Visitor: 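Below you'll find the structure I mean.
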2 protein chains.
Amino acid sequence: MQGWEDIRSEVLARIRSRVWPPGETIPTEEALAKEFDCARATVSRALRELAQSGVLERRRKAGTRVAMLPVRKATLDIPVIRQEVNAKGQTYSFRLLAQATATPPMAVAARLGLAQAAKMLHLQTLHLSDGRAHVLEDRWLNPDAVPPLPDFAAISANEWLVAQVAFASGDIAFSAEPASPAEALALSVAPSTALFITERCTWSPEAPITWVRLAHAPGYRLQTVL
Amino acid sequence: MQGWEDIRSEVLARIRSRVWPPGETIPTEEALAKEFDCARATVSRALRELAQSGVLERRRKAGTRVAMLPVRKATLDIPVIRQEVNAKGQTYSFRLLAQATATPPMAVAARLGLAQAAKMLHLQTLHLSDGRAHVLEDRWLNPDAVPPLPDFAAISANEWLVAQVAFASGDIAFSAEPASPAEALALSVAPSTALFITERCTWSPEAPITWVRLAHAPGYRLQTVL
DNA sequence: AAGTGGTCTAGACCACGCA
DNA sequence: GCGTGGTCTAGACCACTTC
């Protein structure tokens, strides 16, 4: 017969063909279950997925409507850098450029919600792909929030943290910025070159863990399917 | 008692606290249902959501494992530009800079899978936020794939298409590029300024619809919560 | 072959939010 | 109040994949 994916497709087809135009209230789960001759839970599953991807808006009592101005939701995969390089069939390596304990810049401390005077571990790591500069990582790490630190010349902070502090919450932002003189030097590009920047904050339930800024070498593209 | 969200939290807590470390196989749905004293479907829902967010890997017969190198999945909202500006409490406006029928550049035709000789509609639109340049939109539109065209000086192509070709599939990519002379002029920035670029292709089931490149004014950040 | 997740069912109760 | 979606249940069968 049909599964919830078929029902999702059928509903989507009716939306695309304007049988159910934007803003319109579609039939209730019960009515659709009757039409498709299946259990309500099956319809529910299909409609839930469509709502999650922004196609439908659902409210109790009000019913289910086709979204007026659909906010497209794109899902991005954010892999560990080593994986990302390997996925392209290239060889990954990295170099620890600097490691020091210091007080972070005001902006970093503020973002993490730490007292500015707090000492943090500052790491700079260059990630290479087939021996060429790929990403420059600038990281501030709260040493109180994580287990005893390893030798960051042997395992990249990027990868170690993922394993240690798995699945913590946080936020992430993407932007474009001109390469600072230091970044230009590390990445072997001209100063002020347009760089793709990933900036990320991570908290454990108890304390801020880390702030990291990744400056990607020119040509980097973050891509996904809608 | 407890719902699937509580079970999700509990499982996540066990993962974070390393009761179930990365790579470990966790108990079966049936076993967990017994432990939590609920139906298997409830456990299933909780584990499905965790798998969807990359925390768990599930395979029939093999069972459910904690992901070794969790690929973080971030969900981005991609609103219509007018909405995006309004959400910041600013006033949206736009200016149609150019409109012409022409043959697209080879790169665009190739990406859309069209013969290079095909004529397409070329639109350049400047989107403004509180009267200041915000995004420069460069769009190629397949006129055969959409209903009769409106006056793009009255409604922006960005918004018209969302309503007309709702929920089509496509892909999207983000990058950083230096402003071309034309872009610099339109956005009132110095040439070679680092710009955040969004590039997007859209297809309907039958035909390619549109290719669009958005060049965002400096300071733009694409942000989300993990 | 057998174990595990994936899905479906028929029914029930609950929570929310319009009227 | 009462209609709608949100969830849970107990059971069943199926699909995949490893053993």
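Order of the sequence lines fixes the chain letters, A, B, ..., with proteins taken first and strands second; residue numbering starts at 1 for each chain. Note that the structure is a prediction, hence the values are computed from the model and not measured.
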Visitor: Could you say whether B:Thr28 or A:Ala39 is positioned toward the 5' end of DNA chain C, judged by the nucleotide with the nearest heavy atom to each?
Guide: B:Thr28

Visitor: Between B:Glu30 and B:Thr28, do the side chains contain a donor N or O and an acceptor N or O under 3.5 Å apart?
Guide: no

Visitor: Please tell me which of B:Gly63 and A:Cys38 maps to the more 5' nucleotide of DNA chain C, matching each residue to the nucleotide holding its nearest heavy atom.
Guide: B:Gly63

Visitor: Atom CD of B:Glu57 and atom P of C:dT4: how far apart are they, to the nearest Å?
Guide: 18 Å

Visitor: What class does the angle between the rings of B:His127 and B:Phe94 fall in, given that below 30° is parallel, 30 to 60° is tilted and above 60° is perpendicular?
Guide: tilted

Visitor: What nucleic acid atoms does A:Ser44 come within less than 4.0 Å of, heavy atoms only: base, sugar-phosphate, or nothing?
Guide: base

Visitor: Between protein and nucleotides 16-19 of chain C, what N or O pairs are separated by less than 3.5 Å?
Guide:
{"from": "C:dC18", "atom 1": "OP1", "to": "A:Arg59", "atom 2": "NE", "distance (Å)": "3.2"}

Visitor: So does B:Arg14 pair up with B:Glu24, basic N to acidic O under 4.0 Å?
Guide: no

Visitor: What are the two closest non-hydrogen atoms of A:Val19 and A:Pro21, and how far apart are they?
Guide: O-CD, 3.4 Å

Visitor: Under the 3.5 angstrom rule, does the side chain of A:Asp130 hit a backbone N or O of A:Thr91 as a donor-acceptor pair?
Guide: yes

Visitor: Check the pair A:Glu84 / A:Tyr220 against side chain to side chain donor-acceptor pair (under 3.5 Å), numbers first and verdict last.
Guide: CA-CA 11 Å; A:Glu84 179 183 76; A:Tyr220 182 84; 3.1 Å; yes

Visitor: With heavy atoms of chain A within less than 4.0 Å as the criterion, where does contact along DNA chain D begin and end?
Guide: D:dG3 to D:dT7

Visitor: Regarding A:Arg139 and A:Thr210, do their side chains bring together a donor and an acceptor under 3.5 Å, going by distance alone?
Guide: yes

Visitor: Nearest 0.5 Å please: distance from the OG atom of A:Ser175 over to the CD1 atom of A:Ile197.
Guide: 5.5 Å

Visitor: Looking at every strand, decide which applies to B:Arg48 at a 4.0 Å heavy-atom threshold: base, sugar-phosphate, or nothing.
Guide: nothing

